[in-house]
Amino acid sequence: MRDRFNALPPYLQASVFGVMASISAAIFSVFVRLATEHIDPLQAVFFRNLFGLILIAPLAFRSGLAPLKTRRLPMFVLRAVLSMGAMSFWFSAIAVMPLAEATTLNFTVPLFGTVLAAIFLGEQIRRYRVAALLAGFCGVLIIIRPGSETMQVASLLPIAAAICMASAGLTIKSLSRTENPTTIILYMMALTTPMTLIPALFVWQTPSWTAIGLMAAGAFMANITQICNTNAFRVYDYGFVIGFNYLRLPFVLVIALVMFGEVPEIWLVPGAGLIIGAALFIARREAKLNREANRIKRGPSSTASDLDPPPAKP
């Protein structure tokens, strides 16, 4: 079976991994929703990290203590704080909002990532990306509809989670230059587990075996998502693979309708279209920029890419 799969074209292998990642991410959200019916979201965050650490530690220590060697502990701590914020906001959003709406608003991660990279890393944002950002944030406004009677403060939770996720992404981008992926994941779990225990203690209630089982299963599905995404990016182009991330929305829509009877509002359709379209445009633009950078390094024999036009000369 493995030989047959490896014989498939790379784009088909990436497609399989991408679809599996989207399904497992949707299932993870459902496990969190079910668990937060028994325990507080902050407690669920702690159990997600605890079980994540239990699952990743045996894999990390197969090569001894090597994954623990680092000179960048402060950056790991910053990444852990941001990840704790992201999970706390995201789990709280899942607990109180319709799953489809929370998922759609969380798709703004690439939009905030682009803005934060411009602010903190000095990356240029030219007019095409500015247009994409404006379109994406218009999608957010369509969904939450500020000033309307239907707007809820809870709508800000997945957006806050997206900002934390985008910020954590910048730290990962920095860490990946000097640290291996196993070290990055291991340190995140090792640091966030005791850190998330502190707020969980303020809302602690004795968890049922059902809640513990749901969070253990959720941690497993989260790891499956990471493994599938990693393999998809390994075998094929980033700009192609990233599109499969948004398949999570139809999967969530179906699951939320069947399991929780949640019927999405009509405003979700145009809002989701703008957010996903903008995020895909930015992701593929970034992939083209990376390919062009590699082409310049290799020399003039490489094919040109469709880039943002250079700024006009004065």
Side-chain angles (χ1 to χ4, degrees), residues 14-15 18-30 33 89-90 93-94 97-118 125-152 154-163 165-166 169 225 229 232 237-258 260-289 306 308:
S15 298
V19 172
M20 289 175 61
S22 293
I23 294 173
S24 58
I27 295 173
F28 168 73
S29 298
V30 173
R33 161 65 72 82
F89 286 125
W90 178 233
I94 292 175
M97 289 183 65
L99 278 177
E101 184 178 332
T103 299
T104 303
L105 291 173
N106 192 244
F107 285 155
T108 54
V109 171
L111 309 186
F112 287 114
T114 300
V115 173
L116 292 170
I125 305 180
R126 298 186 181 127
R127 60 175 177 263
Y128 290 114
R129 292 196 196 183
V130 170
L133 286 172
L134 291 175
F137 288 125
C138 282
V140 173
L141 294 177
I142 289 173
I143 293 174
I144 65 176
R145 301 193 296 290
S148 68
E149 294 180 0
T150 56
M151 181 187 174
Q152 299 178 358
S155 299
L156 301 178
L157 290 172
I159 297 176
I163 294 173
M165 289 176 185
T225 302
N229 277 328
D237 181 70
Y238 176 86
F240 174 81
V241 171
I242 197 65
F244 287 93
N245 179 52
Y246 301 101
L247 283 178
R248 181 162 43 117
L249 181 57
F251 292 137
V252 165
L253 279 168
V254 173
I255 294 172
L257 178 62
V258 173
F260 307 111
E262 295 178 359
V263 179
E265 294 186 2
I266 191 63
W267 294 103
L268 187 70
V269 177
L274 285 171
I275 293 171
I276 293 173
L280 280 173
F281 180 88
I282 289 172
R284 295 192 176 187
R285 215 64 170 164
E286 183 67 25
K288 288 178 181 179
L289 284 171
D306 174 26
D308 288 328

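Residue numbers run from 1 in the order of the sequence given. Keep in mind it's a predicted model, so treat the numbers as computed, not measured.
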Identify, with sequence neighbours excluded, every residue that meets side chain to side chain contact (heavy atoms under 4.5 Å, CB included) alongside [X].
X    : value
A135 : L274
L134 : V130
A131 : none
A26  : R248, F251, V252, I255

Give every donor-acceptor pair under 3.5 Å between a side-chain atom in residues 103-112 and any protein atom, sequence neighbours left out.
| from | atom 1 | to | atom 2 | distance (Å) |
| --- | --- | --- | --- | --- |
| T103 | OG1 | L99 | O | 2.8 |
| T104 | OG1 | A100 | O | 2.8 |
| T108 | OG1 | L105 | O | 2.7 |

Heavy-atom pair with the smallest gap, counting every atom of [X] and [Y]:
X    : Y    : value
S29  : I94  : O-CG2, 3.6 Å
A154 : P158 : O-CD, 3.3 Å
G136 : I275 : O-CG1, 3.4 Å
L116 : A166 : CD1-CB, 3.9 Å
W90  : A161 : N-CB, 3.7 Å
E262 : R33  : OE2-NH1, 2.8 Å

Legend entry - Test item: P264 and L253 side chains (from C-beta on) under 4.5 Å apart, heavy atoms: yes
Inset, instruction - Check whether any side-chain heavy atom of L157 lies under 4.5 Å from a side-chain heavy atom of F89, and answer yes or no. - result: yes
Legend entry - Spacing of I142 atom CD1 and F137 atom CZ [to the nearest 0.5 Å]: 13.5 Å
Legend entry - Gap between atom OG of S22 and atom CD1 of I27 - 0.5 Å precision: 11.0 Å
Inset, instruction - Give a yes/no verdict on a cation-pi contact between R129 and F281, requiring under 6.0 Å between NZ or CZ and the six-membered ring centre and an angle within 45° of the axis. - result: no
Inset, instruction - Check side-chain hydrogen bond (donor to acceptor under 3.5 Å, both in side chains) between S24 and all other residues, then give those that pass, not counting sequence neighbours. - result: T225
